[in-house]
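A quick write-up on the structure given underneath.
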Amino acid sequence: MAKLNQIIAVEKGVKSKSLQDVTAAHHKVQKPALLAGISRTYQPKDEEGEQLPPESTRVQVQAEDVLREMSASLTRLFDVTATKDWANRTACADVTVDGRTILTEVPVAYLLFLEKQLTELHSFVKKLPTLDAAESWSLDPSTDWWKTDAVRTIRTKKVPRNHVKAEATEKHPAQVEVYYEDVPIGYWTTVKFSGALPARRVNELVERVEKLQQAVKFAREEANGAEVTDHRAGEAVFGYLFG
């Protein structure tokens, strides 16, 4: 008895061959000259008249033959697809991560859906914002934000000062140079907040997604290993259509 993964493996080739056969059949019946034949004989008006050989053209394509050929090719496709789809109704497997069963008896179609969704989730989780590693963060229970320790810094103001380079004399005024001095006038106390995640949390989420991805793939392979029963749908369909 065949297994579901074997049917899936041959399905693509069967589809490709059926497409080629149907295309060839379409081209055959769309060429009127191939379906047409003729037979002509010539008889002169009297015995002394010119004798001409008979002419004939054979029919090269018979529509009923094309239908039979196409039916045979498509019957194989219909049977393979029916076998796969009927098997997919019952083929299932559990999704298990580290010994913990996350989902039970999951059908193949849903496992394929999960694989696609988890691929997108993996990309999203890997790009989650992380806290600045240069800071020391702690969780503030009152806001549920991350925050840093308070940092106190001095606020200064530039105050002009005079520097006497030369004292005044009877003949010359004093030479004074003006410069600015930073004078403390207050203090800033700064606390930074963030809604980002610690890097360890992001790494943990990425690891979880990757583990679940592997579990889903394993479950799909297990489900696809189920034995299948051949379904002969093609003969019934084309027996009705072209019979």
Side-chain angles (χ1 to χ4, degrees), residues 1-93 105-120 123 213-214 216-243:
M1 185 175 288
K3 296 184 180 298
L4 179 54
N5 51 20
Q6 294 173 320
I7 297 298
I8 293 172
V10 302
E11 183 185 25
K12 185 177 180 180
V14 172
K15 279 183 177 180
S16 178
K17 185 179 184 305
S18 295
L19 178 60
Q20 293 175 3
D21 292 344
V22 171
T23 300
H26 178 77
H27 288 162
K28 282 182 180 179
V29 296
Q30 293 302 313
K31 295 179 179 179
L34 297 179
L35 285 86
I38 192 171
S39 176
R40 297 200 306 169
T41 58
Y42 181 79
Q43 182 178 0
K45 190 174 181 181
D46 52 52
E47 294 182 0
E48 296 179 356
E50 182 181 7
Q51 297 289 334
L52 297 177
E55 297 178 358
S56 65
T57 301
R58 294 177 59 83
V59 172
Q60 299 178 58
V61 173
Q62 191 169 347
E64 285 292 348
D65 290 341
V66 173
L67 289 177
R68 278 191 291 271
E69 292 169 2
M70 189 174 70
S71 296
S73 179
L74 286 176
T75 294
R76 173 62 175 154
L77 173 63
F78 278 41
D79 289 350
V80 167
T81 303
T83 300
K84 182 196 73 172
D85 288 347
W86 256 269
N88 279 338
R89 295 168 58 190
T90 56
C92 61
E105 298 184 353
V106 186
V108 173
Y110 194 75
L111 289 170
L112 290 170
F113 165 79
L114 274 180
E115 281 193 60
K116 182 177 183 299
Q117 295 299 314
L118 288 172
T119 297
E120 295 177 3
S123 297
Q213 282 180 302
Q214 292 300 317
V216 169
K217 288 180 181 178
F218 183 83
R220 177 169 56 83
E221 290 300 321
E222 183 180 351
N224 284 340
E227 293 183 343
V228 298
T229 301
D230 287 340
H231 282 267
R232 304 297 183 184
E235 184 177 350
V237 172
F238 290 102
Y240 166 74
L241 288 176
F242 302 144

For residues [X] and [Y], report the shortest heavy-atom separation together with the two atoms involved.
| X | Y | result |
| --- | --- | --- |
| E235 | T75 | N-CG2, 3.8 Å |
| L4 | A223 | CD2-O, 4.1 Å |
| L35 | A63 | CD2-CB, 4.4 Å |
| V80 | I7 | O-CG2, 3.6 Å |
| A233 | A82 | CB-CB, 3.9 Å |
| Q51 | P44 | NE2-CG, 3.3 Å |

Starting at [atom1] of [X], measure out to [atom2] of [Y] and round the result to the nearest 0.5 Å.
| X | Y | atom1 | atom2 | answer |
| --- | --- | --- | --- | --- |
| N224 | K84 | CG | NZ | 10.0 Å |
| E227 | Q6 | CD | CD | 9.5 Å |
| K15 | Q20 | NZ | CD | 14.5 Å |
| N88 | I8 | CG | CD1 | 6.0 Å |
| L74 | D21 | CG | CG | 8.0 Å |
| L111 | E115 | CG | CD | 7.5 Å |

(request) Taking T83 for its side chain and H231 for its backbone only, find out whether a donor-acceptor pair lies under 3.5 Å. (result) yes
(request) Could you tell me whether a side-chain N or O of S16 sits under 3.5 Å from a main-chain N or O of K12, the two making a donor and an acceptor? (result) no
(message) My understanding is that only residues two or more places apart in sequence, or in another chain, count here; which of them pass salt bridge (Lys or Arg N to Asp or Glu O under 4.0 Å) with E120?
(response) K116
(request) Please examine the side chains of T81 and E11, heavy atoms only from C-beta on, and report whether any two atoms are closer than 4.5 Å. (result) yes
(request) May I ask you to check whether over 12 heavy atoms, not counting those of Q117, lie within 6.0 Å of atom CD? (result) yes
(message) With a sphere of 6.0 Å drawn around CZ of F238, does it hold more than 12 non-hydrogen atoms of other residues, nucleotides or ligands?
(response) yes
(request) Begin from the C-alpha positions of D230 and D79 and carry the test side-chain contact (heavy atoms from CB on, under 4.5 Å) through to its verdict. (result) CA-CA 7 Å; D230 287 340; D79 289 350; over 6 Å; no
(message) Under the rule for side chain to side chain contact (heavy atoms under 4.5 Å, CB included), what residues qualify as partners of K28, not counting sequence neighbours?
(response) V61, V66, E69
